[in-house]
Amino acid sequence: MDVSRVPSGPAINDREFHFTADDFEKVRQLIYKHAGISLSPAKKDMVYSRLARRLRAVGEKTFSGYLKLLDNDHAEWETFTNSLTTNLTSFFREPHHFEILAEKLKAAKVNRPIKIWCTAASTGEEPYSLAITACEAFNSLTPPVQILASDIDTNVLAQAEAGVFREDRVERLSPERVRKYFLKGTGAQAGQVRIRPELQELLRFRRINLLDARYPIQGPLDYIFCRNVMIYFDKPTQYQILKRFAPLLRKEGLMFAGHSESFLHAADVFRSLGRTVYELSDAR
């Protein structure tokens, strides 16, 4: 079969809304300028599907009308960004990073809070995995750790702050971890679990756009988790973000990236230690 001839989405004539190449290009420009997300041409069907829901919700009949609406509607700008943000996450995703962090925390000899920034909190699995790691490293539900959990998507950030998950989201965790760090729902909450309040106390949630010229963060930070985020940015945007990270990180601090991310183009800022862990280039 010639897969190049297989349609990748609904035919134009079957679509509820007319969606031109110009419409798609304007969406690409807007999301790149506002959030740094670089959409490939292959994302056209995805963009149509997600934004068609917004057209229905606000009563617009055309994409051009909807895109004009964004000029004067700040709330819809936020929803537009949320709609085009991909949130794939799980507890202890890429587990070797949490193992490395645990060893670092166990070896820490400091009389101050250890500060961690999770730059893509999504629905909360990653920052709560950091909290669990800290609790286990210090054998305490109140470890000397402060975690800032941020995201550009306000919808998922609200879910993360609530700390409530379907039981299937924790089924890959050991029964011991689930018992120790989650409360099981009953009655109307059956089939759900809630993260223990002691762990929630370790986290602070905040909306942060990584494209912002300055971040509302008080450093220095010990660790930055920026995993599976940079893949949505082009190389120049990645470089600018990494340049903003560097002054926030302690000289001995570490940054953790996703398994498919590489920052060789920013070797003057961060040096790879292997296993997608980075230190500042001037750390030694």
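- Between the R227 side chain and the R93 main chain, a donor and an acceptor come within less than 3.5 Å of each other.
- R250 has a carboxylate O that lies under 4.0 Å from a charged side-chain N of D222, or vice versa, which qualifies the two as a salt bridge.
- By the 4.0 Å N-to-carboxylate-O rule, R179 lies too far from E176 to be salt-bridged with it.
- A donor-acceptor distance shorter than 3.5 angstrom exists from the side chain of T119 to the backbone of F225, with no hydrogens or angles considered.
- With a 4.5 Å cut-off on side-chain heavy atoms, P220 and L249 do not count as touching.
- D212 contributes no side-chain N or O that, together with a main-chain N or O of R214, makes up a donor-acceptor pair within less than 3.5 Å.
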Could you walk me through whether T81 and N209 pass the side chain to side chain contact (heavy atoms under 4.5 Å, CB included) check? CA-CA 11 Å; T81 303; N209 184 343; over 6 Å; no
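- Counting non-hydrogen atoms of neighbouring residues, nucleotides and ligands closer than 6.0 angstrom, the NZ atom of K26 exceeds 12 such neighbours.
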Would you tabulate the side-chain donor-acceptor contacts of residues 67-76 under 3.5 Å, counting partners in other chains and residues two or more places apart, or write 'none'?
unit_1: D73; atom_1: OD1; unit_2: A75; atom_2: N; d: 3.2
unit_1: D73; atom_1: OD1; unit_2: E76; atom_2: N; d: 3.0
unit_1: E76; atom_1: OE1; unit_2: R54; atom_2: NH2; d: 2.9
unit_1: E76; atom_1: OE2; unit_2: R54; atom_2: NE; d: 2.9
unit_1: E76; atom_1: OE2; unit_2: Y66; atom_2: OH; d: 2.6

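- Cluster membership check: V156 does not share its hydrophobic cluster with V170, using side-chain heavy-atom separations under 4.5 Å among Ile, Leu, Val, Met, Phe, Trp and Tyr.
- From R244, atom CZ reaches atom CG of L210 across 9.0 Å, with rounding to the nearest 0.5 Å.
- Separation of atoms CZ (R166) and CD (E171) is listed at 9.5 Å; rounding is to 0.5 Å.
- Distance check, rounded to the nearest 0.5 Å: CD of E103 to OG1 of T133 gives 11.0 Å.
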Can E279 and K251 be said to form a salt bridge (Lys or Arg N to Asp or Glu O under 4.0 Å), step by step? CA-CA 8 Å; E279 68 176 358; K251 199 167 185 71; over 6 Å; no
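- Ring geometry, F182 versus F91: the interplanar angle exceeds 60°, so the pair is classed perpendicular (tilted spans 30 to 60°).
- Checked by atom type, the side-chain pair Y215/S150 shows no donor-acceptor distance below 3.5 Å.
- Residues I37 and Y32 form no side-chain contact, since every pair of their non-hydrogen atoms from C-beta on lies 4.5 Å or further apart.
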Let me see the working for R196 and L141 under side chain to side chain contact (heavy atoms under 4.5 Å, CB included), right down to the final yes or no. CA-CA 9 Å; R196 288 186 64 96; L141 288 175; 4.0 Å; yes
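- With hydrogens and angles ignored, the 3.5 Å screen pairs no side-chain donor or acceptor of S49 with any backbone N or O of D45.
- Linking Ile, Leu, Val, Met, Phe, Trp and Tyr whenever their side-chain heavy atoms come within less than 4.5 Å puts L254 and V110 in one cluster.
- Counting only heavy atoms from C-beta outward, the side chains of L202 and Q146 never approach each other to under 4.5 Å.
- Atom NE2 of H96 has more than 12 neighbouring heavy atoms from other residues, nucleotides or ligands inside a 6.0 Å radius.
- Side-chain contact annotation: T123 with E125, donor-acceptor N/O pair under 3.5 Å present.
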Show your reasoning for whether side-chain hydrogen bond (donor to acceptor under 3.5 Å, both in side chains) applies to D234 and Y239. CA-CA 9 Å; D234 58 19; Y239 183 78; over 6 Å; no
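- Environment of CG in D168: crowded, with over 12 heavy atoms of neighbouring residues, nucleotides or ligands closer than 6.0 Å.
- Aromatic ring orientation, F256 versus Y223: tilted (interplanar angle from 30° to 60°).
- Classified by interplanar angle (parallel below 30°, tilted 30° to 60°, perpendicular above 60°), the ring pair F19/F24 is perpendicular.
- Looking at heavy atoms from C-beta onward, M230 lies in side-chain contact with I241 at the 4.5 angstrom threshold.
- Atom CZ of R172 sits in a sparse spot, with 12 or fewer heavy atoms from other residues, nucleotides or ligands closer than 6.0 Å.
- Taking SG of C118 as the reference point, atom CZ of R204 lies at 13.0 Å (rounded to 0.5 Å).
- Under the 4.5 Å side-chain criterion, counting only non-hydrogen atoms from C-beta, I116 is not in contact with L148.
- Between F138 and P143 the shortest heavy-atom distance is CD1-CB, 3.6 Å.
- Counting all heavy atoms, side chain and backbone alike, Y278 lies closest to S262 at OH-CA, 3.5 Å.
- At a threshold of 4.5 Å between side-chain heavy atoms, the hydrophobic network of Ile, Leu, Val, Met, Phe, Trp and Tyr places L183 and I132 in two separate groups.
- If you chain together hydrophobic residues whose side chains sit under 4.5 Å apart, F233 and M46 fall into the same group.
- Interatomic distance, L39 CG to E25 CD, rounded to the nearest 0.5 Å: 10.0 Å.
- Heavy-atom minimum distance, A108 versus I114: CB-CD1, 3.9 Å.
- Annotation: side chain of M255 is in contact with side chain of L242 (closest heavy-atom distance under 4.5 Å).
- Residues forming a side-chain contact (heavy atoms from CB on, under 4.5 Å) with S40 (at least two apart in sequence, or on another chain): A42, K43.
- Side-chain contact between Q218 and L248: absent, with no pair of heavy atoms (C-beta onward) separated by less than 4.5 Å.
- Evaluated for a ring pair (Phe, Tyr, Trp, His ring centres under 6.0 Å) with F92, the options F98, Y128, Y181 yield exactly one hit, F98.
- Across every non-hydrogen atom of A160 and S122, the tightest pair is CB-O, 3.5 Å.
- Contact between R28 and P41 at its shortest, heavy atoms only, is NH1-CG, 4.1 Å.
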Which is it for S272 and V277 under the side chain to side chain contact (heavy atoms under 4.5 Å, CB included) test, yes or no, and what are the steps along the way? CA-CA 6 Å; S272 173; V277 180; over 6 Å; no
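- Atom NZ of K235 has more than 12 neighbouring heavy atoms from other residues, nucleotides or ligands inside a 6.0 Å radius.
- Here the side chains of S64 and D23 are in contact, with some heavy-atom distance below 4.5 Å.
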Could you walk me through whether W77 and L30 pass the side chain to side chain contact (heavy atoms under 4.5 Å, CB included) check? CA-CA 10 Å; W77 248 117; L30 287 172; 3.9 Å; yes
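- Hydrophobic clustering of Ile, Leu, Val, Met, Phe, Trp and Tyr side chains at less than 4.5 Å, counting indirect connections, keeps I152 apart from V229.
- The heavy-atom pair separating F17 from Y48 by the smallest distance is N-OH, 3.1 Å.
- Salt bridge status for R56 with E16: present, with a side-chain N to carboxylate O gap under 4.0 Å.
- Of the residues listed (E261, H97, E94), the one engaging T276 in a side-chain hydrogen bond (donor to acceptor under 3.5 Å, both in side chains) is H97, and it is the only one.
- Distance CG/L130 to SG/C135: 11.0 Å, rounded to 0.5 Å.
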